[in-house]
Amino acid sequence: MNPYEINNMIIDDEFDGEESVTADFTHNNKEYSVTFKKADLEIINSWVFEDGTSIPANLSDNMIESLKEDVKKRI
């Protein structure tokens, strides 16, 4: 079982000339958003939303790898 729950996933065909995938998920009662390049699932950016603002998220390597696998299965 994953330590997070993906709530929404968007595949964008026109992001800066490259396809991207954004996964919005909940982890430890916080909302996160991570955008990957669709071709190789390299992270473009990651955010955590707290107190009405967004700040760069500091996710562990294990969390990122787990997200990549989950996103890959859903594409």
Nearest 0.5 Å please: distance from the [atom1] atom of [X] over to the [atom2] atom of [Y].
X     : Y     : atom1 : atom2 : result
Ile6  : Phe25 : CD1   : CZ    : 8.0 Å
Glu65 : Glu69 : CD    : CD    : 7.0 Å
Asp13 : Glu19 : CG    : CD    : 4.5 Å
Leu67 : Leu59 : CG    : CG    : 7.0 Å
Ile10 : Thr35 : CD1   : OG1   : 8.5 Å

Could you tell me whether the side chain of [X] and the main chain of [Y] form a donor-acceptor pair under 3.5 Å?
X     : Y     : answer
His27 : Glu5  : no
Thr26 : Asn29 : no
Tyr4  : Ser66 : yes

If only side-chain N and O atoms count, and only distance matters, is there a donor-acceptor pair under 3.5 Å linking Asp12 with Thr22?
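Not at all, the side chains of Thr22 and Asp12 share no donor-acceptor pair under 3.5 Å.
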
Could you tell me whether the side chain of Met9 reaches within less than 4.5 Å of the side chain of Ile75, counting heavy atoms only?
yes

Could you give me the CA-CA distance, side-chain angles and deciding distance for Tyr32 and Ser46, then say whether side chain to side chain contact (heavy atoms under 4.5 Å, CB included) is met?
CA-CA 7 Å; Tyr32 292 83; Ser46 59; over 6 Å; no

Enumerate the salt bridge (charged side-chain N to carboxylate O under 4.0 Å, His left out) contacts for residues 21-31, please, sequence neighbours excluded, ordered by first and then second residue.
Lys30-Glu50

Over 12 non-hydrogen atoms of neighbours within 6.0 angstrom of CG in Asn58
no

Can you sort out the partners of Ile43 under side chain to side chain contact (heavy atoms under 4.5 Å, CB included), two or more places apart, ordered by chain and number?
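Val34, Phe36, Ile64.
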
Which residues satisfy the side chain to side chain contact (heavy atoms under 4.5 Å, CB included) test with Glu42, sequence neighbours excluded?
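For Glu42 the side chain to side chain contact (heavy atoms under 4.5 Å, CB included) partners, ignoring immediate neighbours, are Lys37, Asp40.
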
